[in-house]
2 protein chains.
Amino acid sequence: MSSVNINKARWEPRLVTRKKDTGTLSPRSAGTYHHGDLKAALVAAAGEMLEREGPESISFRAVARAAGVSPTAPYNHFPSKEDLLATLAGAGFRELENCQVATVAATQSGQERIVSLGLAYLRFAETHPQLYRLMFGAGVADWCAHPEVAEAKRASFRAIRDALAEQLSGVGDPAEEAVDTAAIAAWALAHGLSMLLIDGSLGAAKDDPSHGKSLIMRILTQFAAGLTPKPSTR
Amino acid sequence: MSSVNINKARWEPRLVTRKKDTGTLSPRSAGTYHHGDLKAALVAAAGEMLEREGPESISFRAVARAAGVSPTAPYNHFPSKEDLLATLAGAGFRELENCQVATVAATQSGQERIVSLGLAYLRFAETHPQLYRLMFGAGVADWCAHPEVAEAKRASFRAIRDALAEQLSGVGDPAEEAVDTAAIAAWALAHGLSMLLIDGSLGAAKDDPSHGKSLIMRILTQFAAGLTPKPSTR
DNA sequence: CGACGATATGAGCAGTGTCAACATTAACAA
DNA sequence: TTGTTAATGTTGACACTGCTCATATCGTCG
């Protein structure tokens with residue numbers, strides 16, 4: 001009667017012989033007590049849970065459960081839950097940076113490169129919304145205790161700044177200050193748009209994707225055009 | 001060592017006769033069992049805790065403790081913790097909207113009004129960083145279950161949109177679409193800058209405030225100037 | 001006075017992050 | 001082989017959380 005009480009086994013030490021496949025990846029591929037490569041498994045499990053339930057509902061115990069180990073096993077690999085999340089966030093920034101440099105490399109310089117860069121940024125945010133939220137502090141209060149995340153973030157910003165610097169160098173001297181202004185403005189614009197899109201603040205725009213896309217395009221194009229004060233004669 | 005274990009008294013029903021001062025504010029000013037105006041007290045306590053510890057570390061029980069009532073008393077006024085936070089967020093958006101309309105009213109139309117509006121937005125975010133984070137979903141996953149918050153957010157966006165519409169109407173017909181583009185771009189820019197400032201992503205810029213301020217000014221000015229394609233003759 | 005509805009309390013459940021003590025294992029030295 | 005050691009996993013426990021229930025208290029209105 002009621003209270004079916006699943007998970008009565010509480011934790012249930014798995015006895016299955018998990019050998020995977022002659023350890024191309026898992027260095028030990030142990031039998032039952034030692035997991036071949038926890039840490040990687042934890043990161044993977046946490047990554048899946050992240051996009052499924054969002055950073056604020058991730059629990060250390062739940063990722064341990066998903067990885068098939070006891071609730072405190074993760075403490076052998078991460079000092080705290082926040083460190084696990086920091087690992088995810090850091091990897092997220094590195095992936096974002098890859099998207100950015102790939103986009104820059106794939107388009108020849110000019111206004112459209114800036115637009116492409118912005119589109120790539122937005123696409124990343126829309127593809128991994130919860131990861132993106134985590135990267136910017138959702139459910140964590142502050143990354144300042146995790147320098148690695150801050151560094152990865154800085155690296156991803158540098159990709160924006162470099163692209164902007166080259167773009168601006170087309171019309172005179174780069175002027176450090178002007179580059180900073182443009183780069184931070186670009187980052188803020190992309191970040192703001194991403195956040196507003198993710199949390200549904202731009203609900204109407206997202207409903208019909210074509211309209212939403214064109215709106216994004218207009219904003220990005222306008223921004224890119226604004227970088228060169230007098231683009232054409234006229 | 002360590003683990004001093006304060007709060008051993010667990011809850012400690014206060015018997016102090018709290019009469020405040022002949023209820024100018026509290027309608028009942030009760031003696032001991034019934035709090036004169038919980039709900040207001042809870043909101044106030046939560047508001048203080050918010051800025052002190054951030055939205056993710058706020059606990060329902062802790063605000064009850066701060067208000068001097070039992071851990072479950074708040075449930076008579078808020079269906080859940082999220083509803084308390086939603087109340088704070090809604091109030092935050094209304095206050096932000098007030099700042100915006102006040103700023104618009106206090107400056108005559110033109111580019112500098114747009115700049116002032118942006119500055120007011122950023123000042124609000126910098127003054128109540130944790131409130132601002134909460135308003136945009138930090139520690140809550142999603143506001144879509146709380147329409148009141150979404151509505152308050154929309155109202156605050158409308159203030160931006162209206163200002164932009166008037167600004168654009170100075171150079172021809174407003175063209176709905178163009179207004180949307182500009183308004184959303186403005187919001188995204190302000191929101192992105194606010195977030196980046198709050199979470200320390202722009203660490204360097206914030207270190208010396210004068211440099212930071214001028215950077216913000218340059219960004220906002222450039223944006224405002226970009227609204228009118230050909231500001232001067234030249 | 002008595003009944004009722006609003007409000008506050010208390011115990012309790014399931015779940016959380018974290019820690020200390022213990023068990024198991026692989027690797028290495030004798 | 002045997003023994004030691006350091007990784008790695010497990011168990012049990014503590015303090016805390018959000019939330020639900022049954023119960024107690026109070027103001028108010030009949």
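Residue numbering restarts at 1 for every chain, and letters A, B, ... go by the order of the sequence lines. Predicted, not measured: the structure shown is a model, and the values here were computed from it.
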In whole Å, I'd like the distance from the [atom1] atom of [X] to the [atom2] atom of [N].
{"X": "B/I58", "N": "D/dG18", "atom1": "CD1", "atom2": "P", "value": "10 Å"}
{"X": "A/D83", "N": "C/dT18", "atom1": "CG", "atom2": "C1'", "value": "13 Å"}
{"X": "A/E56", "N": "D/dG18", "atom1": "CD", "atom2": "P", "value": "15 Å"}
{"X": "B/F60", "N": "D/dG18", "atom1": "CZ", "atom2": "P", "value": "8 Å"}
{"X": "B/R65", "N": "C/dT9", "atom1": "CZ", "atom2": "C1'", "value": "16 Å"}
{"X": "A/F78", "N": "C/dT18", "atom1": "CZ", "atom2": "C1'", "value": "16 Å"}
{"X": "B/Y75", "N": "C/dA6", "atom1": "OH", "atom2": "C1'", "value": "19 Å"}
{"X": "A/L38", "N": "C/dA26", "atom1": "CG", "atom2": "C1'", "value": "16 Å"}

- Which part of the nucleic acid, if any, lies within reach of B/S80 when heavy atoms closer than 4.0 Å are counted: base, sugar-phosphate only, or nothing? sugar-phosphate

- Task: For A/S59, report the nucleic acid contact type (base, sugar-phosphate, nothing); a contact means any heavy atom under 4.0 Å.
- Result: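 Sugar-phosphate contact only.
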
- Query: Step by step, would you call B/F93 with B/F136 a ring pair (Phe, Tyr, Trp, His ring centres under 6.0 Å)?
  - Reply: CA-CA 10 Å; B/F93 275 115; B/F136 285 92; 5.4 Å; yes

Could you tell me whether the side chain of [X] has a donor or acceptor atom within less than 3.5 Å of a complementary atom in the base of [N]?
{"X": "A/N76", "N": "D/dA7", "result": "no"}
{"X": "A/R61", "N": "C/dG17", "result": "yes"}
{"X": "B/T72", "N": "D/dT20", "result": "no"}

- Would you say D/dG9 has OP1 or OP2 under 4.0 Å from some side-chain N or O of A/H77?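 Answer is yes, contact under 4.0 Å.
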
- Query: Can you list the steps and then say if A/R161 with A/D180 is a salt bridge (Lys or Arg N to Asp or Glu O under 4.0 Å)?
  - Reply: CA-CA 7 Å; A/R161 212 195 104 107; A/D180 278 335; 2.4 Å; yes

- Message: Can you confirm whether or not the ring centre of A/F223 sits under 6.0 Å from the ring centre of B/F223?
- Response: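 Ring centroids of A/F223 and B/F223 are no less than 6.0 Å from each other.
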
- Task: Assign the ring pair B/Y132 / B/F124 to parallel, tilted or perpendicular, where the plane angle (0 to 90°) is split at 30° and 60°.
- Result: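 Judged by the thresholds at 30° and 60°, the geometry between B/Y132 and B/F124 is perpendicular.
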
- Query: Cut-off 3.5 Å, side chains only: do A/H146 and A/E82 have a donor facing an acceptor?
  - Reply: yes

